[in-house]
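Letters go in sequence order (proteins before strands), and every chain restarts at 1.
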Amino acid sequence: MNTGTNMHDPWEPFFNEVEGDVKSLLREHGVEGTSLETPPPGMGDLALPCFQMAKKLRKSPQAIAVELGEKLGGKNYAVEVKGPYINFSYKREELLRNTLSALEMMGEDYGRLGRIGKRVIVEHTSANPNGPFHVGRARNPIIGDSLVRILRYAGWDVEAQYWVNDMGKQVMTLVWGVKNLSEEDLPPPERDKVDHIYVRYYQEASRRLEEEDVEERINHMLKEYEQALEDGDLKRHINHPKDKPTRAEEVKEIVEKVLGGMDSSLKRLGVVVDRYVYESQVVVDGTLREVISRLRESERSREEGGAYYLDFSDKPIHGKSKRFFFTRSDGSALYTTRDLAYHLWKLSRCDRAINILGEDHKLQSYYLREALKELGVEKLPEVVFYSFVSLPEGKMSTRKGRVVYLDDLMDEAVRKAKEEVEKRRKDLSEKEMDEIAHIVGIGALRYNIIKVQPEKKITFRWEDALNFDGFSAPFIQYSHARACSILRKAGEAPTPTVKFVERYQEEAELELVKSISLLPHAVYEAAKSARPHIIAQRAYEIARSFNEFYRDSPVLHAPGEIREARLALVLSVRWALSSALNMLGIVAPERM
RNA sequence: GGACUCGUAGCCUAGCCUGGACAGGGCACCAGCCUUCUAAGCUGGGGAUCCGGGGUUCGAAUCCCCGCGAGUCCGCCA
């Protein structure tokens with residue numbers, strides 16, 4: 001269990017020592033393959049079950065546990081044999097010492113691990129720029145952004161990328177709509193925001209797509225646009241008035257406008273994108289052309305009516321999906337082909353690539369992966385798939401008008417948070433209450449998404465989405481604010497230091513230290529396995545143990561040395577909680 | 001029809017990859033706690049055929065097989 005985080009992780013000395021000792025002892029006895037596990041609470045911190053060795057050593061597991069247990073013991077751990085189990089406990093003084101030392105060293109950065117010196121690119125959101133975000137896909141930016149933040153804490157150099165689809169029919173449909181429809185053709189926008197204003201053009205244009213000539217016109221525009229891009233001539237006018245912007249310029253302008261509206265929603269959510277990469281880029285810079293010619297040379301490559309595909313009949317996929325078409329019969333590229341070009345570009349710029357995708361992209365992602373292998377790429381992207389958020393009445397659908405927009409959800413969350421603040425804090429100014437309402441409302445929203453595993457489907461219910469109690473962001477934020485309040489009243493708090501090792505004797509204090517001590521390891525795990533909900537859990541546990549400590553151990557009214565040590569502990573809680581919340585993109589308020 | 005994912009108390013969820021000691025939480029419900037640092041809190045309580053059936057194993061929520069239910073995909077769309 002080498003976490004590679006050395007002095008940042010208080011648990012490492014314990015894990016390393018126990019693991020090392022157990023391994024060599026088992027080797028002496030010629031029994032391998034038994035591994036340490038986490039025992040139930042109250043039974044220590046690591047456990048070694050002895051059932052497996054029973055057959056080989058021809059003794060009862062209980063006898064083996066006793067025998068082996070006697071030979072174990074170390075600087076960091078104590079051993080206790082319980083039936084067929086050997087339990088290892090991290091010695092309190094060592095746990096305290098190592099935790100306090102990490103806190104002392106890291107300060108408010110507690111939870112951050114050492115720099116790895118490697119680069120990871122996280123691609124998330126990448127929603128089509130044709131209208132506002134709806135809740136169905138809201139998991140994407142939340143999972144992606146949290147992962148970005150966690151990876152940064154874990155020591156990676158991270159870049160968050162948004163792959164913008166500025167090609168293809170959906171975009172051209174929007175462009176056609178903007179050019180050909182007028183305000184009278186459209187219902188009033190649901191809100192005064194660019195993406196909401198423009199989505200109406202897209203929706204109406206999509207409806208008219210049923211009409212033959214509209215479809216033809218859009219296809220024509222698309223071809224013209226693609227041709228200009230492929231020729232690398234964005235200034236070229238083809239069948240297009242000379243005194244107007246070119247098609248390419250038009251597309252760019254409209255896409256950027258809509259994207260601007262979408263981006264403001266992301267900003268409000270606290271999501272930060274470092275770089276927008278446009279699909280058209282891979283066409284203009286020639287990467288796409290190169291990918292196509294390399295794919296055509298592949299042994300899997302087949303041709304049918306001028307269209308090219310890779311043949312995956314030998315792979316465990318069936319029916320039509322055995323064939324991955326990468327060009328149309330007119331030679332133009334398809335979406336996944338452009339994605340492939342993007343991935344070549346991306347993978348050459350990082351040590352690790354993570355994509356956040358909706359589960360509907362699984363097959364496409366499989367093609368991408370296999371095609372990359374076909375091109376001789378060894379470093380493949382890791383993919384986090386998430387299931388959709390649906391409504392109790394069914395799947396969200398823009399066309400059927402059965403959607404909850406992210407903007408509305410954020411409004412509602414903030415509104416409800418405002419109500420709650422007003423109930424409790426009559427002393428605050430309107431401005432302060434609004435700030436807190438925003439922090440709490442948005443925090444609750446993000447937390448409710450991130451706390452569950454991405455592959456679970458979510459049915460959207462307002463009462464769940466706006467839950468502010470228990471396992472929720474406000475609970476954690478509240479604990480943080482409580483800690484801040486104590487520190488504020490104390491005026492000054494001593495920095496946690498190993499000198500306080502002896503001063504934490506009460507159960508609630510020890511539990512709290514232990515809870516805090518587990519944060520760095522949680523960061524390591526969450527970053528390694530790309531599972532942000534691990535941090536959500538840890539944050540909750542820390543807040544919970546702090547609330548228990550709060551009940552049992554008075555801080556401000558405690559006598560001299562104890563007060564000092566407890567204040568240092570409260571400061572540690574503040575650091576740990578604000579780090580954890582920060583990793584989830586949730587603001588840690590000083591008061592609420 | 002095939003492939004992938006999910007199925008844990010009234011509801012939501014952790015644990016599943018790497019099988020082990022009584023399946024952790026939360027919401028809702030019931031009973032308590034504001035003369036002490038913010039009650040968005042704390043304490044206690046009831047509530048679980050871990051979807052069903054087989055198998056592997058000393059041991060299965062966890063691994064394998066067969067079902068059932070839900071979601072997603074199976075386009076020269078994105």
Side-chain angles (χ1 to χ4, degrees), chain A residues 35-41 43 47 49-52 54-55 61 82-85 87 128 130 165 167-171 279 304-309 316-323 325-336 338-339 358-364 366 385 387-388 390 395 417 420-421 423-425 440 444 448 451-453 455-459 461 463-464 467-479 481-490 529 533-534 536-537 540-541 543-544 546-548 550-558 566-567 570 591-592:
Chain A
S35 57
L36 290 158
E37 59 184 48
T38 309
M43 309 266 201
C50 298
F51 302 97
Q52 282 188 347
K55 204 170 267 175
K82 221 164 200 158
Y85 296 91
N87 295 328
N128 283 340
N130 54 14
N165 172 18
M167 296 193 67
K169 205 162 183 173
Q170 300 202 32
V171 174
E279 266 190 55
E304 185 182 86
Y308 283 83
Y309 64 92
I317 41 179
H318 305 273
K320 291 188 177 169
S321 35
K322 283 190 283 204
R323 306 195 297 179
F325 278 90
F326 58 93
T327 66
R328 297 191 183 92
S329 45
D330 66 356
S332 61
L334 288 140
Y335 172 78
T336 306
R338 292 190 289 271
D339 201 9
E359 60 181 339
D360 54 334
H361 279 64
K362 275 188 181 174
L363 181 60
Q364 184 265 331
Y366 177 82
F385 291 106
S387 299
F388 297 117
S390 60
K395 195 183 165 181
E420 299 292 324
V421 196
K423 252 192 265 174
R424 299 162 222 259
R425 300 296 300 268
V440 171
N448 277 313
K451 71 180 181 182
V452 317
Q453 296 209 20
E455 56 269 24
K456 297 254 186 189
K457 333 175 236 283
I458 295 181
T459 303
R461 292 185 189 88
E463 62 267 36
D464 295 340
N467 166 34
F468 289 5
D469 302 314
F471 190 25
S472 71
F475 173 89
I476 300 161
Q477 292 172 314
Y478 180 73
S479 308
R482 254 184 172 173
C484 289
S485 166
I486 294 174
L487 294 169
R488 207 163 35 237
K489 286 195 169 133
S529 57
H533 78 278
I534 292 176
Q537 302 253 2
Y540 173 73
E541 291 300 332
R544 197 166 60 145
F546 174 63
N547 283 322
E548 283 166 29
Y550 180 89
R551 172 203 61 203
D552 291 344
S553 313
V555 177
L556 297 175
H557 304 292
R566 285 185 182 163
L567 273 172
V570 173
R591 56 188 88 218
M592 65 185 269

Enquirer: Round to a whole Å and report the spacing from OH of A/Y540 to C1' of B/rG24.
Expert: 11 Å
Enquirer: Return yes if the base of B/rA70 and the side-chain atoms of A/K457 contain a donor-acceptor N/O pair under 3.5 Å, otherwise no.
Expert: yes
Enquirer: Compute both the distance and the angle, then confirm whether A/K362 meets the cation-pi test with A/F385: under 6.0 Å from the six-membered ring centre, within 45 degrees of the axis.
Expert: yes
Enquirer: I'd like the C1' distance from B/rC63 over to B/rC73, given in whole Å.
Expert: 27 Å
Enquirer: For the residue pair A/T327 and A/Y308, what are the closest heavy atoms and their distance?
Expert: OG1-N, 3.1 Å
Enquirer: Ignoring hydrogens and geometry beyond distance, is the side chain of A/S387 in donor-acceptor contact with the base of B/rC6 at under 3.5 Å?
Expert: no
Enquirer: Strictly by Watson-Crick or wobble contacts shorter than 3.5 Å, is anything paired with B/rC4, and which nucleotide is it?
Expert: B/rG71
Enquirer: Is any side-chain N or O of A/D469 under 3.5 Å from a base N or O of B/rA28, one able to act as donor and the other as acceptor?
Expert: no
Enquirer: If you compare every side-chain N and O of A/R461 against the phosphate oxygens of B/rA28 (OP1, OP2), does one of them come in below 4.0 Å?
Expert: no
Enquirer: Is the closest side-chain donor-acceptor distance between A/S472 and A/N467 under 3.5 Å?
Expert: no
Enquirer: Does A/R424 put a side-chain nitrogen or oxygen below 4.0 Å from OP1 or OP2 of B/rA39?
Expert: no
Enquirer: Grab the CZ-C1' distance between A/F385 and B/rC6 for me, whole Å please.
Expert: 15 Å
Enquirer: Is there a Watson-Crick or G-U wobble partner for B/rA48 with both distances under 3.5 Å, and which nucleotide is it?
Expert: none
Enquirer: Using purine N1 to pyrimidine N3 plus N6-O4 or O6-N4 for Watson-Crick, or N1-O2 and O6-N3 for G-U wobble, both under 3.5 Å, which nucleotide pairs with B/rC16?
Expert: none
Enquirer: When both hydrogen-bonding distances must be under 3.5 Å and the geometry is Watson-Crick or G-U wobble, what is B/rA21 paired with, if anything?
Expert: none
Enquirer: Distance check, P atoms only: B/rC51 and B/rC16, in whole angstrom units.
Expert: 15 Å
Enquirer: Classify the nucleic acid contact of A/V171 as base, sugar-phosphate or nothing, counting any heavy atom under 4.0 Å across all strands shown.
Expert: nothing
Enquirer: Report the distance from atom CD of A/Q170 to atom P of B/rG75, rounded to the nearest whole Å.
Expert: 17 Å
Enquirer: Are A/K456 and B/rU5 close enough that a side-chain N or O sits under 4.0 Å from OP1 or OP2?
Expert: no
Enquirer: Starting at the 5' end of RNA chain B, which residue's closest nucleotide do you reach first, A/A307 or A/V421?
Expert: A/V421
Enquirer: Determine whether A/F475 and A/R544 make a side-chain contact, defined as any pair of heavy atoms from C-beta on separated by less than 4.5 Å.
Expert: yes
Enquirer: Mark yes or no for whether A/S387, through its side chain, and A/E455, through its backbone, hold a donor-acceptor pair below 3.5 Å.
Expert: yes
Enquirer: Using only side-chain N and O atoms of A/Y366, determine if any of them is under 4.0 Å from OP1 or OP2 of B/rC73.
Expert: no
Enquirer: Please classify the nucleic acid contact of A/F388 as base, sugar-phosphate, or nothing, using heavy-atom distances under 4.0 Å.
Expert: sugar-phosphate
Enquirer: Let's see if you can work this out: which of B/rC76, B/rC37, B/rU43 has an atom nearest to the side-chain heavy atoms of A/S485?
Expert: B/rC37
Enquirer: Could you give the CD-to-C1' distance, from A/E455 to B/rC17, as a whole number of Å?
Expert: 11 Å
Enquirer: Does A/N467 or A/K451 map to a spot on RNA chain B nearer the 5' end, using the closest nucleotide for each?
Expert: A/K451
Enquirer: Tell me the partner of B/rC42, counting only Watson-Crick (N1-N3 plus N6-O4 or O6-N4) or G-U wobble (N1-O2 and O6-N3) with both under 3.5 Å; none if nothing fits.
Expert: B/rG32
Enquirer: Taking only N and O in the side chain of A/Q477, is any of them less than 4.0 Å away from OP1 or OP2 of B/rA40?
Expert: no
Enquirer: Please report the distance, rounded to the nearest Å, between CZ in A/R425 and C1' in B/rA39.
Expert: 13 Å
Enquirer: Side-chain N or O of A/H361 less than 4.0 angstrom from OP1 or OP2 on B/rC4?
Expert: no
Enquirer: At under 4.0 Å, does any side-chain N or O of A/K395 touch on OP1 or OP2 of B/rG71?
Expert: no
Enquirer: Under a 3.5 Å threshold, yes or no: a donor from one side chain and an acceptor from the other, between A/N165 and A/R338?
Expert: no
Enquirer: If you look at every strand shown and take non-hydrogen atoms under 4.0 Å, does A/N448 touch a base, only sugar-phosphate, or nothing?
Expert: nothing
Enquirer: With the 90 degree cut-off around zero defining syn, does B/rC34 come out syn or anti?
Expert: syn
Enquirer: Quick one: closest heavy-atom pair of A/D339 and A/Q364, and the distance?
Expert: OD2-NE2, 3.0 Å
Enquirer: So which nucleotide does B/rG59 pair with, by the Watson-Crick or G-U wobble rule with both distances under 3.5 Å?
Expert: none
Enquirer: How far does the P atom of B/rA48 sit from the matching atom of B/rG1, given to the nearest Å?
Expert: 36 Å
Enquirer: Are OP1 or OP2 of B/rG75 and a side-chain N or O of A/R323 less than 4.0 angstrom apart?
Expert: no
